[in-house]
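Values below: all heavy atoms of this structure, side chains included; hydrogens, waters and symmetry mates excluded. Bear in mind the structure is a predicted one, so any value in this text is a computation, not a measurement.
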Amino acid sequence: MTIKKKNKPLSTTPPDYLQGIARDMWAAIVPILNKQQLDVNQLDSSIVEAFCINYQSMRDAYENVAENGQAQKAYKTTLSPVTGEIVATDFVGYKRNPATQILDSATSRLKQLGSELGLTPTSRQELVKVGPGGGDENVAADLAKFFGNSKK
């Protein structure tokens with residue numbers, strides 16, 4: 001007879017090094033993950049940490065894009081070789097705001113990590129199908145509420 005040890009659930013207190021939005025995300029998401037009873041535990045904390053950090057990166061990048069736009073004007077400045085003064089400033093086109101790349105990358109990582117944690121629509125459907133007792137309506141409702149959808 002083997003005795004199966006229950007793994008310790010994730011701590012609802014965020015790690016000290018998580019700050020701002022990442023810390024808030026940890027506090028919001030861990031109680032839901034612990035309630036799922038699908039063996040999300042301390043071993044998975046690095047995945048949850050990565051999710052929270054990428055969420056903050058996505059939000060920070062979005063704020064930058066909202067403030068500065070997706071593209072920025074680019075100029076070439078010509079200096080006088082004798083005096084070092086600006087002789088001309090010529091518009092050469094537009095360049096992509098680097099924050100758009102951060103936004104793209106963080107969004108992709110969130111999708112991947114969220115899927116591993118059961119936080120995407122597809123993975124939630126799978127979790128409800130294979131969860132204890134064939135599905136936990138309370139967990140499904142909590143996830144729907146968390147993601148802003150009050151419908152089941």
Side-chain angles (χ1 to χ4, degrees), residues 1-77 89 91-152:
M1 173 193 282
T2 49
I3 299 173
K4 185 177 178 182
K5 285 187 175 181
K6 180 161 172 73
N7 291 321
K8 185 177 178 185
L10 291 168
S11 171
T12 55
T13 303
D16 291 337
Y17 54 85
L18 286 182
Q19 300 298 317
I21 295 169
R23 190 171 185 79
D24 295 341
M25 177 56 77
W26 179 284
I29 204 166
V30 166
I32 294 170
L33 292 171
N34 284 340
K35 191 173 180 180
Q36 286 184 9
Q37 299 176 1
L38 294 170
D39 211 23
V40 175
N41 56 58
Q42 288 297 323
L43 297 172
D44 304 310
S45 65
S46 63
I47 298 171
V48 178
E49 289 171 21
F51 183 87
C52 295
I53 291 167
N54 278 283
Y55 183 76
Q56 179 160 352
S57 292
M58 181 194 72
R59 292 282 304 270
D60 291 345
Y62 176 76
E63 287 179 21
N64 183 291
V65 171
E67 183 177 323
N68 300 307
Q70 292 185 29
Q72 301 165 342
K73 291 181 180 181
Y75 295 91
K76 178 182 178 189
T77 303
T89 303
F91 175 72
V92 293
Y94 292 91
K95 65 178 183 174
R96 182 178 180 183
N97 180 341
T100 60
Q101 293 169 306
I102 295 168
L103 182 60
D104 288 345
S105 177
T107 302
S108 293
R109 284 187 297 235
L110 279 172
K111 182 180 178 203
Q112 175 196 8
L113 294 166
S115 181
E116 290 181 35
L117 294 169
L119 300 175
T120 63
T122 302
S123 63
R124 282 196 306 269
Q125 288 175 351
E126 289 301 312
L127 289 173
V128 169
K129 288 179 191 174
V130 300
D136 184 343
E137 291 298 321
N138 292 329
V139 171
D142 287 346
L143 287 169
K145 182 178 177 185
F146 177 78
F147 286 102
N149 182 0
S150 59
K151 298 177 185 175
K152 282 190 179 181

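Residue Q70 qualifies as open at atom CD: its count of foreign heavy atoms under 6.0 Å is 12 or below.
Within the model, atoms CD1 of I29 and CG of L10 stand 10.0 Å from one another, a figure rounded to the nearest 0.5 Å. Q19 contributes atom CD, which lies 10.0 Å from atom CG of D24 (distance to the nearest 0.5 angstrom). With rounding to the nearest 0.5 Å, the separation of CG in N64 from CZ in R59 is 14.0 Å. Note: W26 CH2 to I53 CD1 = 9.5 Å, rounded to the nearest 0.5 Å. In this structure, CZ in R109 is found 3.5 Å from OG in S105, a value given to the nearest 0.5 Å. Here the straight-line distance linking atom CG of D44 with atom CD of E116 works out to 9.0 Å at 0.5 Å rounding.
For the residue pair L18 and A22, the shortest heavy atom distance occurs at CD2-CB, 4.0 Å. Heavy-atom minimum distance, Y75 versus V92: N-CG2, 4.0 Å. For the pair T12 and P31, the tightest heavy-atom approach, listed with the atom from each and the gap, is CG2-CG, 4.2 Å. Residues S11 and V30 approach most closely at O-CG1, 3.4 Å, considering heavy atoms. Heavy-atom minimum distance, S57 versus A106: CB-CB, 4.1 Å.
Counting heavy atoms from C-beta on, the side chains of M58 and L103 come closer than 4.5 Å. In this structure the side chain of Q72 never reaches within 4.5 angstrom of the side chain of Y94, judged on heavy atoms. Residues S115 and K111 are not in side-chain contact: their nearest non-hydrogen atoms beyond the backbone lie 4.5 Å or more apart.
Within the 3.5 Å criterion, the main-chain N or O of L110 finds no donor-acceptor partner in the side chain of N54.
The aromatic rings of F51 and Y55 sit parallel to each other, their planes meeting at less than 30°, with 60° as the upper class boundary.
Salt bridge D104/R96: present, at least one basic N to carboxylate O contact under 4.0 Å.
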